[in-house]
Amino acid sequence: MATAVICEFNPFHNGHAYLLGEAKRLTNEPNLAVMSGSFTQRGEVAICDKFTRAGAALRHGADLVAELPTAYAVANAERFARGGVRIAKSFSEVRSLAFGCENDDTDALKAAADAIRSERVNALIAAEMRGGGYYPRALEEAVRAVCGDEVAAAVSSPNNILAVEYIRALEGTGIRPLPIKRQGAAHDSDKTDGGFASASHIRSLLREGAECSALLPEIPPHVTRPELLDRAVLYRLRTITAEELRALPEVGEGLENRILEAAGRAQSVEELLTMVKTKRYTHARLRRILACAFLGLTEDLQTSGSGYARILGFTEEGEQILRSCKCKTVTSVAKALRENDENTAHLQLDIRACDLASLAYDEIMPSDSDYCTRILRENREK
């Protein structure tokens, strides 16, 4: 049997090691990590390449690392969760899905999942959004109005919203949710607490060259700087058409026109976001749209199913999980692409994302690492 974790490990830090350790302590099972590749849910390039992050995970609690396809990694919470669960459930050994959250009350999280499906809740959200409301706040207030404060608290933070979406995605799979309360600093906090800090704070420290070795088990040898992609992103936005923008996920209500107008004047991605931002659109949503434009990720591709598990690495115990995979396992992208099947467009996007991410380092990295990097095999001491 095994426990799955859907993750970004951006970067792999002490909080992630704690999550994997707790999952193993509670279940006495090895861990499968379904991990984002080169770009993340907030629409940014990952702090370092997926192979470095997978290696750190395998050395500190994961037993098998499979890549979450880019089409689902750069997606809203619902699609991110469903994409991850789709891969997790393809391994027959998986019995639990562990995830970190602010509230580890499974009943409250399940009540919140039910609330999101409520017609009354969705009617209140729709009314608020028609008035230019901010979706996360509209969701929380609608759930509070219909279900009360306790259930509303379960959708009051990004980690809890993901937890609720995991529970929704798990329905009918036979996999049980295993919420694990986060330790230390809050999501996106710039504070440290007993060796724990938010991933965003650690990314800032790494990019500043500041000392942070107490916060993560391994320091990545090279880190990205998102602003190094600004010219390439602006080039794409200045050459894209309104029709192409409308074909991207999460674009509607004339947002494509705001983006095109801003792209013609902005001198950086941050300036463009400031020009386009309204209280209706979260920064994360706008960043995802820009990332989708840059990567060529369309709504059609994001809503199409993928039927493969790209394997990045495993331990001896992870090899047992790997043998239980019921879908296509990709251990060589070159071989998988030659098969030219329904997974080809997804794999091509993963490779393109990895190649474009290589431009985000101070010294540009070589492309084609998806073809050149061997599967990682870690032999941990038991």
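Residues: numbered from 1 along the sequence shown.
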Chemist: Is the shortest distance from a Lys or Arg side-chain nitrogen in R352 or D370 to a carboxylate oxygen in the other one below 4.0 Å?
Modeler: no
Chemist: Any heavy-atom pair between the side chains of T3 and L32 that's under 4.5 Å?
Modeler: no
Chemist: Check whether more than 12 heavy atoms from other residues, nucleotides or ligands sit under 6.0 Å from atom CZ of R207, and answer yes or no.
Modeler: yes
Chemist: As an exercise, state the distance from CG of D230 to CZ of F294, rounded to the nearest 0.5 Å.
Modeler: 10.0 Å
Chemist: Check the surroundings of atom CD in E319: do more than 12 heavy atoms from other residues, nucleotides or ligands lie under 6.0 Å from it?
Modeler: yes
Chemist: Hey, does the side chain of R288 reach the backbone of G43 with a donor-acceptor pair shorter than 3.5 angstrom?
Modeler: no
Chemist: When you group the ILVMFWY residues by side-chain heavy-atom contacts below 4.5 Å and let the links chain together, are F99 and M35 in the same group?
Modeler: no
Chemist: Where is the tightest heavy-atom contact between N10 and H16, given as atom of each residue plus distance?
Modeler: N-CE1, 4.1 Å
Chemist: Within a 6.0 Å radius of atom CZ on R238, are there more than 12 heavy atoms belonging to other residues, nucleotides or ligands?
Modeler: yes
Chemist: Would you give the length of the straight line joining atom CD1 of I175 to atom OG of S96, rounded to the nearest 0.5 angstrom?
Modeler: 8.5 Å
Chemist: Mark yes or no for whether H60, through its side chain, and L216, through its backbone, hold a donor-acceptor pair below 3.5 Å.
Modeler: no
Chemist: Quick one, R79 with E299, criterion salt bridge (charged side-chain N to carboxylate O under 4.0 Å, His left out). Give me CA distance, side-chain angles, the key distance, then yes/no.
Modeler: CA-CA 11 Å; R79 293 179 179 181; E299 170 75 2; 2.9 Å; yes
Chemist: Please evaluate residues V330 and I311 with respect to the criterion side-chain contact (heavy atoms from CB on, under 4.5 Å), reporting the C-alpha separation (whole Å), side-chain torsions for both, the decisive distance (0.1 Å), and the verdict.
Modeler: CA-CA 6 Å; V330 174; I311 307 303; over 6 Å; no
Chemist: Give the intermediate values and the outcome of side-chain contact (heavy atoms from CB on, under 4.5 Å) for residues L349 and L295.
Modeler: CA-CA 7 Å; L349 175 62; L295 298 172; 4.0 Å; yes
Chemist: With salt bridge (charged side-chain N to carboxylate O under 4.0 Å, His left out) as the test, would you mind laying out the steps for E339 and K328 before giving the verdict?
Modeler: CA-CA 12 Å; E339 294 172 0; K328 175 180 179 178; 2.6 Å; yes
Chemist: Using a 4.5 Å cut-off on heavy atoms from C-beta on, say whether the side chain of S36 contacts that of F80.
Modeler: yes
Chemist: Looking only at the side chains, is there a donor atom on one of E244 and T241 sitting less than 3.5 Å from an acceptor on the other?
Modeler: yes
Chemist: Would you say NE2 of H222 has more than 12 non-hydrogen atoms from neighbouring residues, nucleotides or ligands within 6.0 angstrom?
Modeler: no
Chemist: Taking all non-hydrogen atoms of both residues into account, name the closest pair between T106 and I167 and its distance.
Modeler: O-CD1, 4.5 Å
Chemist: Enumerate the residue pairs fulfilling salt bridge (charged side-chain N to carboxylate O under 4.0 Å, His left out) with a member in residues 157-176, sequence neighbours excluded, ordered by first and then second residue.
Modeler: R117-E171, E165-R168
Chemist: Between D350 and T70, do the side chains contain an N or O donor and an N or O acceptor separated by less than 3.5 Å?
Modeler: yes
Chemist: The test is salt bridge (charged side-chain N to carboxylate O under 4.0 Å, His left out); show your working for E78 and R82 and say whether it passes.
Modeler: CA-CA 6 Å; E78 179 182 1; R82 291 191 182 282; 3.5 Å; yes
Chemist: Any chain of hydrophobic side-chain contacts (each under 4.5 Å) joining L356 to F51?
Modeler: no
Chemist: Grab the two heavy atoms, one from A77 and one from L162, that are nearest each other, plus how far apart they are.
Modeler: O-CD2, 3.9 Å
Chemist: Sub-3.5 Å donor-acceptor pair from the side chain of D368 to the main-chain atoms of Y371, do we have one?
Modeler: no
Chemist: Answer yes when R258 and E261 have at least one side-chain N-carboxylate O distance shorter than 4.0 Å, and no when they do not.
Modeler: no
Chemist: Side chain of S118, backbone of D114: donor and acceptor closer than 3.5 Å?
Modeler: no
Chemist: Strictly distance-based, threshold 3.5 Å: is any side-chain N or O of R95 a donor or acceptor partner for the main-chain N or O of S92?
Modeler: yes
Chemist: One thing to verify: whether K50 and E67 come together as a salt bridge, which I'm taking to mean a side-chain N less than 4.0 angstrom from a carboxylate O.
Modeler: yes
Chemist: A side-chain contact here means heavy atoms from C-beta on lying under 4.5 Å apart; do F314 and I375 qualify?
Modeler: yes
Chemist: Between N343 and S306, do the side chains contain an N or O donor and an N or O acceptor separated by less than 3.5 Å?
Modeler: no
Chemist: Is there a side-chain contact (heavy atoms from CB on, under 4.5 Å) between N14 and Y18? Walk through the geometry before answering.
Modeler: CA-CA 6 Å; N14 292 349; Y18 173 81; over 6 Å; no
Chemist: Is it the case that one hydrophobic cluster holds both V151 and Y135, taking links as side-chain heavy atoms less than 4.5 Å apart, direct or via other members?
Modeler: yes
Chemist: Using a distance-only test with no angle check, is there a side-chain donor-acceptor pair under 3.5 angstrom linking D355 and S358?
Modeler: no
Chemist: For R246, which residues count as a side chain to side chain contact (heavy atoms under 4.5 Å, CB included) partner, sequence neighbours excluded?
Modeler: A242, E243, E256
Chemist: Could you go through E29 and K24, starting from their C-alpha distance and side-chain angles, then the distance that decides it, and tell me whether this counts as salt bridge (charged side-chain N to carboxylate O under 4.0 Å, His left out)?
Modeler: CA-CA 5 Å; E29 296 170 351; K24 195 163 286 191; over 6 Å; no
Chemist: Kindly compute the distance separating CG (L272) from CD (E270), expressed to the nearest 0.5 Å.
Modeler: 9.5 Å
Chemist: Please state whether the rings of F9 and F12 are parallel, tilted or perpendicular, taking 30° and 60° as the class boundaries.
Modeler: perpendicular
Chemist: Let me see the working for E211 and S213 under side chain to side chain donor-acceptor pair (under 3.5 Å), right down to the final yes or no.
Modeler: CA-CA 6 Å; E211 169 58 37; S213 59; 2.3 Å; yes
Chemist: Determine whether a donor-acceptor pair (N or O, by modelled atom type, separation under 3.5 Å) exists between the side chain of S369 and the backbone of T373.
Modeler: no
Chemist: Quick one: does L215's side chain get under 4.5 Å of L205's, heavy atoms only?
Modeler: yes
Chemist: Between D149 and R144, does any side-chain N to carboxylate O distance fall below 4.0 Å?
Modeler: yes
Chemist: Looking at R225, I want to see if its CZ is surrounded by more than 12 non-hydrogen atoms of other residues, nucleotides or ligands under 6.0 Å.
Modeler: yes
Chemist: Thinking salt bridges, do E218 and R53 make one under a 4.0 Å N-O criterion?
Modeler: no
Chemist: Looking at I321 and A2, what are the two nearest heavy atoms and their distance?
Modeler: CD1-CB, 3.8 Å
Chemist: Just by modelled atom types, is the A154 backbone N or O under 3.5 Å from a matching donor or acceptor in the N103 side chain?
Modeler: no
Chemist: Does the side chain of L347 reach to within under 4.5 Å of the side chain of L337, using non-hydrogen atoms?
Modeler: yes
Chemist: Is a side-chain donor or acceptor of T173 paired with a backbone partner of A169 at a separation under 3.5 angstrom?
Modeler: no
Chemist: Less than 4.5 Å apart, side chain to side chain, heavy atoms only: is that true for L260 and L245?
Modeler: yes
Chemist: Taking ring-ring contact (aromatic ring centres under 6.0 Å, His included) as the definition, give me every residue that meets it alongside H346, ordered by chain and number, with sequence neighbours left out.
Modeler: Y72
Chemist: Would a single hydrophobic cluster contain both L359 and V223, if residues Ile, Leu, Val, Met, Phe, Trp and Tyr are joined by side-chain heavy-atom contacts under 4.5 Å?
Modeler: no
Chemist: Is any side-chain heavy atom of I47 less than 4.5 Å from a side-chain heavy atom of L206?
Modeler: yes
Chemist: I180 and V164: same hydrophobic cluster, using ILVMFWY side-chain contacts below 4.5 Å?
Modeler: no
Chemist: State, with a plain yes or no, whether a side-chain heavy atom of S268 is found less than 4.5 Å away from one of E227.
Modeler: no
Chemist: Regarding E102 and K181, does a basic nitrogen lie under 4.0 Å from an acidic carboxylate oxygen?
Modeler: no
Chemist: Assess whether side-chain contact (heavy atoms from CB on, under 4.5 Å) is satisfied between V155 and N160, documenting all intermediate values.
Modeler: CA-CA 6 Å; V155 295; N160 274 5; 6.0 Å; no
